[in-house]
Amino acid sequence: MYVCLCNAVSDKAIRTAVRHHQPTSFKELQRIVPVGTQCGKCVRSAREILENERESMVIFLQSA
Ligand code: FES
């Protein structure tokens, strides 16, 4: 599903970027994928996906 329509960035692209590059902030995520760089309507959803993915990684690492 597209999260950012302006830049055609999907939720999968955001999750993959978080897993591979482990950005610690939304700004850092934006250096990897061009999400939220135009109208900004997707920023809230993209931030939620970033936080959810980071939390899943922590849970995964704690259970390993
Ligand atoms: Fe992402 Fe417009 S929908 S910047």
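Ligands are counted one by one from 1 in listed order, and the atoms in each one are counted from 1 as well. All residue numbers refer to positions in the sequence shown, counting from 1.
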Enquirer: Can you find a pair of side-chain heavy atoms, one from L5 and one from K41, that are under 4.5 Å apart?
Expert: no

Enquirer: Kindly indicate whether the side chain of V3, heavy atoms from C-beta on, has any atom under 4.5 Å from the side chain of V9.
Expert: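 No, every pair of side-chain atoms sits at 4.5 Å or beyond.
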
Enquirer: Which pair of heavy atoms, one from Q30 and one from V35, lies closest together, and at what distance?
Expert: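 For Q30 versus V35, the nearest heavy atoms are NE2-O, 2.8 Å.
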
Enquirer: Have a look around atom 1 (Fe) of ligand 1 and list protein N/O/S atoms under 2.8 Å, or say none.
Expert: C4 SG, C42 SG

Enquirer: Should we count CZ of F26 as having more than 12 external heavy atoms under 6.0 Å?
Expert: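 Yes, the 6.0 Å shell around CZ holds more than 12 heavy atoms from other groups.
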
Enquirer: Mind checking whether P23 and V18 have side chains closer than 4.5 Å, heavy atoms only?
Expert: yes

Enquirer: Hydrophobic cluster mates of I59, side-chain heavy atoms under 4.5 angstrom, ILVMFWY only, any path?
Expert: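 Taking Ile, Leu, Val, Met, Phe, Trp and Tyr as members, I59 stands alone, with no cluster partners.
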
